[in-house]
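The block underneath contains the structure these notes are about, expressed in structure tokens.
Below, chains carry the letters A, B, ... as their sequence lines are ordered, and counting in each starts from 1. If you're wondering where the values come from, they're calculated on a predicted model, not measured in any experiment.
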Amino acid sequence: MSVRVRFAPSPTGLLHVGALRTVLFDYLFAQHNGGQNILRIEDTDRTRYNADSEKEFVDTLAWVGIEFDEGPHIGGPHGPYRQSERKEAGIYSHWIERLIELGHAYMAFDTPEELNEMREYQQINKMPTGYFGGDWRDADPSKAAAAIAEGKPYVIRQRIPRDRTVVVEDAIRGRVEFDTNTLPDPVLIKGDGMPTYHFAAMVDDHLMEITHVLRGEEWIATSPIHWLLFEMFGWDRPVFVHCPVIVGTDGKKLSKRHGATRVLDYAAQGYDKEALKNFIALIGWSPGDDREVMSQQELIAAFDLKGLQASPGRFDIEKLRWLNGHRIRQMSTEELLDTILEYVKAPYTMEYWMNFVDENPMPNKKPTDGPEVWRRLVRLKEKAETNRSYVLEAVRLEQERVQTLADFGEACEFFLVDEVFFDEKAVEKWFGQEHVGKLLRFLLERVSEAQTASVEWCESLIRQFASDHGFDKLGPVVHPTRVALTGKTVGPGLFELMNVLGPSRMKARLERALAMLK
RNA sequence: GGCCCGGUCGUCUAGUGGUUAGGAUGCCGCCCUUUCACGGCGGAGAUCGCGGGUUCGAGUCCCGUCCGGGCUACCA
């Protein structure tokens with residue numbers, strides 16, 4: 001039988017990193033086995049429903065490049081793929097009736113107040129809390145009939161068999177045992193007629209012929225009631241795979257405080273999707289050997305359930321940064337420039353940086369100015385549209401020294417502006433020396449005469465000045481020149497950078513630097 | 001409180017009875033070099049949560065214990 005997995009998010013908000021990891025595993029597993037990946041929207045909670053959420057999921061998944069074989073946006077033979085629509089189609093009412101007929105579910109007419117009272121009583125007496133029988137589990141049918149006749153609201157609960165041990169098979173942990181006397185009778189159909197997760201997800205997994213259920217480990221505690229439901233219906237069970245959670249660097253659940261948790265925020269920060277997937281896949285899974293840098297194809301080829309880890313993993317942004325830098329270096333410069341341009345054009349990039357507020361700046365560094373980051377990126381994009389070859393060369397020189405796509409804005413800035421921003425410390429350190437005026441005038445003269453440059457020619461200028469003036473090291477010549485041309489003390493190799501700037505830009509910059517000396 | 005899950009360098013991990021406990025990241029140093037990076041080399045960093053047992057031998061098996069986490073909703 002072919003593998004069928006499903007990603008079943010609840011449309012209550014954003015798609016976060018933990019969920020991304022689950023879909024990634026679904027996708028890798030399906031691809032590895034030549035199976036199908038299905039998207040199902042679990043919108044059974046009207047109170048938490050968020051209309052923008054489904055679009056966020058589809059957008060995010062499109063960005064990372066995870067595709068589905070069936071889903072609400074593309075259809076398929078097992079639709080509809082939204083649970084609200086499946087409810088309208090009568091799917092859940094059909095199956096809940098069957099379950100009642102089988103004696104495995106019953107109507108319960110308790111009011112919320114009564115349930116609260118019960119819970120309080122249980123807590124005070126240090127008893128397990130939950131609905132273990134109440135007034136309705138074993139009520140006489142005539143009593144229920146009377147309540148229906150009165151029009152009392154009710155829920156439908158699963159009748160958990162008592163005095164049994166349920167052994168749930170988990171693909172990662174093996175056998176997990178539960179005493180059914182600790183399992184309250186869960187609500188399957190709510191007062192508003194909507195099914196709960198416990199019912200809808202299991203019915204749908206069966207109907208959609210899901211073979212493997214990958215979900216978060218928070219479901220482990222309720223897995224026995226799901227396990228039992230399959231037994232009650234006499235259905236074959238899927239393989240349950242409870243994936244460990246991803247936590248922040250402090251060991252707590254990943255949240256806003258750890259930086260981005262929304263997947264599109266990582267996109268906006270300039271992480272490449274391949275690097276993100278590579279990184280995410282390695283939290284809670286490993287190919288079993290020492291490989292770490294892996295392409296999507298390699299991930300698919302290597303992915304199997306045996307490599308899954310039981311313990312929670314931490315989200316280490318430093319490792320993501322390393323992987324992302326590695327990815328940037330792997331790309332051809334043409335491919336990289338296209339990736340950068342696509343990145344700048346994406347709506348989430350502008351939205352993110354324009355609203356960015358640096359809440360915890362790095363020590364000893366000035367806080368990141370979000371709107372400024374954005375302006376630099378736009379400048380790069382616009383320049384690339386008018387002079388692609390020039391920007392391409394600038395990117396080529398910076399490719400070795402950045403970690404994110406966003407970094408190119410600042411790294412390439414001096415190539416793109418007419419008047420570079422002079423770093424005060426750089427000027428102070430290198431423009432004070434006597435020979436600098438002579439050096440800049442010398443360069444200005446030679447550059448003014450030139451039509452074109454080359455790396456060799458640029459190098460020869462510097463070397464000539466150094467030897468003519470008795471410098472046995474290039475430093476005192478190189479550094480002031482760099483400052484004059486870029487305003488900074490760091491950056492690509494001077495000769496390469498001079499070559500890319502070309503004679504006329506160098507001329508303008510040297511003149512401006514010379515003016516500063518006086 | 002009850003039930004359940006987890007615990008190998010700071011972090012991600014390899015490891016399934018016999019290894020100097022391996023790799024990666026991060027950190028430090030050296031090399032490369034005109035700077036910052038990249039890259040290369042090297043270093044520090046893990047009494048495998050702790051305590052018992054089983055065994056000739058345990059990170060690996062068993063028991064206990066501690067710590068962390070999840071569930072304990074008419075949320076998923």
Open item on the list: Angle between ring planes, A:His206 versus A:Phe230, binned at 30° and 60°: parallel, tilted or perpendicular?
Closed with: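 Because their plane-to-plane angle is over 60°, the rings of A:His206 and A:Phe230 count as perpendicular.
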Task: Parallel, tilted or perpendicular: rings of A:Trp219 and A:His198 (30°, 60°) - done: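 Judged by the thresholds at 30° and 60°, the geometry between A:His198 and A:Trp219 is perpendicular.
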Sequence neighbours excluded, which residues qualify as ring-ring contact (aromatic ring centres under 6.0 Å, His included) partners of [X]?
| X | answer |
| --- | --- |
| A:Phe178 | none |
| A:Phe279 | A:Phe315 |
| A:Trp95 | A:Phe233, A:Trp235 |
| A:Tyr154 | A:Phe109 |

Sugar-phosphate only, base, or nothing, as touched by [X] at under 4.0 Å among non-hydrogen atoms:
| X | answer |
| --- | --- |
| A:Thr12 | nothing |
| A:Gly325 | nothing |
| A:Glu42 | sugar-phosphate |

If we take the [atom1] atom in both [N] and [M], what is their distance in whole Å?
| N | M | atom1 | result |
| --- | --- | --- | --- |
| B:U33 | B:C38 | C1' | 12 Å |
| B:A37 | B:C31 | C1' | 15 Å |
| B:U19 | B:C4 | C1' | 35 Å |

Task: A:Val155 vs A:Glu218, nearer the 5' end of RNA chain B by closest nucleotide - done: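 Comparing both residues, the 5'-ward one is A:Glu218.
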Open item on the list: Using heavy-atom distances to pick each residue's nearest nucleotide on RNA chain B, tell me which of A:Thr111 and A:Gly288 is more 5'.
Closed with: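 Going by which nucleotide is closer to the 5' end, it is A:Gly288.
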Open item on the list: Does a side-chain N or O of A:Ser286 approach OP1 or OP2 of B:A14 to a distance below 4.0 Å, or not?
Closed with: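 Yes, because at least one side-chain N or O of A:Ser286 sits under 4.0 Å from OP1 or OP2 of B:A14.
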TODO: Considering just the side-chain nitrogens and oxygens of A:Lys190, establish if one lies under 4.0 Å of OP1 or OP2 belonging to B:A73.
DONE: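 The answer is no; no side-chain N or O of A:Lys190 sits under 4.0 Å from OP1 or OP2.
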Open item on the list: Looking only at the side chain of A:Pro128 (C-beta and beyond, no hydrogens), which of the listed nucleotides B:A76, B:G23, B:G2 gets closest?
Closed with: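 Comparing B:A76, B:G23, B:G2 against the side chain of A:Pro128, the answer is B:G2.
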TODO: Spell out protein contact along nucleotides 30-43 of chain B as letters: B when the base is contacted, S when just the sugar-phosphate is, - when no protein heavy atom is under 4.0 Å; keep the 5' to 3' order.
DONE: ----BBBBS-----
Task: Stretch residues 156-165 of chain A: residues that reach within less than 4.0 Å of RNA chain B through a heavy atom - done: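 Going residue by residue through residues 156-165 of chain A, the ones with a heavy atom under 4.0 Å of RNA chain B turn out to be A:Arg157.
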Task: Contact residues, residues 112-126 of chain A to RNA chain B [heavy atom, < 4.0 Å] - done: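 A:Pro112, A:Leu115, A:Arg119 - these, ordered by number, are the residues of the stretch whose heavy atoms sit under 4.0 Å from the strand.
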Task: Length of the line joining A:Asp192:CG and B:A73:P, which is rounded to integer Å - done: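 Distance, rounded to whole Å: 18 Å.
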TODO: Rounded off to whole Å, could you give me the CG-to-C1' distance for the A:Asp185 and B:U72 pair?
DONE: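 The distance from CG of A:Asp185 to C1' of B:U72 comes to 14 Å, rounded to the nearest Å.
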Task: Spatial distance of atom CD (A:Gln309) from atom CD1 (A:Ile283) [nearest 0.5 Å] - done: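 Spacing of CD (A:Gln309) from CD1 (A:Ile283) equals 11.5 Å.
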Open item on the list: If I take atom OG1 from residue A:Thr165 and atom CZ from residue A:Arg175, how far apart are they, to the nearest 0.5 angstrom?
Closed with: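 Between atom OG1 of A:Thr165 and atom CZ of A:Arg175 there are 10.0 Å.
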TODO: Check each of A:Thr60, A:Leu320, A:Ile280 against A:Tyr266 using the side-chain contact (heavy atoms from CB on, under 4.5 Å) test, and report the only one that passes.
DONE: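 The side-chain contact (heavy atoms from CB on, under 4.5 Å) with A:Tyr266 is passed solely by A:Leu320 among A:Thr60, A:Leu320, A:Ile280.
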Who is the Watson-Crick or G-U wobble partner of [N], with both distances under 3.5 Å?
| N | answer |
| --- | --- |
| B:C41 | B:G29 |
| B:U55 | none |
| B:C9 | none |

Task: From CA spacing to verdict: side-chain hydrogen bond (donor to acceptor under 3.5 Å, both in side chains), A:Gln399, A:Thr333 - done: CA-CA 8 Å; A:Gln399 187 168 6; A:Thr333 308; 2.9 Å; yes
Task: Counterpart residues, side chain to side chain donor-acceptor pair (under 3.5 Å), relative to A:Glu410 (two or more places apart) - done: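 For A:Glu410, no residue satisfies side chain to side chain donor-acceptor pair (under 3.5 Å) once neighbours in sequence are set aside.
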Task: Carboxylate-amine/guanidinium proximity below 4.0 Å for A:Arg173 and A:Asp170 - done: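 A:Asp170 and A:Arg173: salt-bridged.
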Open item on the list: Can you tell whether the side chains of A:Lys425 and A:Glu428 come within less than 4.0 Å, N to carboxylate O?
Closed with: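 No.
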- [ ] Sort and list the pairs that fulfil salt bridge (charged side-chain N to carboxylate O under 4.0 Å, His left out) and have at least one residue in residues 320-331 of chain A, not counting sequence neighbours.
- [x]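 Every pair satisfying salt bridge (charged side-chain N to carboxylate O under 4.0 Å, His left out) with a residue in residues 320-331 of chain A: A:Asp272-A:Arg327, A:Arg327-A:Glu335.
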Task: Contacts of type side chain to side chain contact (heavy atoms under 4.5 Å, CB included), residue A:Val427, not counting sequence neighbours - done: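 Expected list: A:Phe422, A:Phe431, A:Val483, A:Met516.
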Close N or O pairs between protein and nucleotides 3-5 of chain B (under 3.5 Å):
residue: B:C5; atom: O2'; partner: A:Arg173; partner atom: NH1; Å: 2.9

Which atom pairs link the protein and nucleotides 8-11 of chain B when you take only N or O atoms and keep those under 3.5 Å?
none

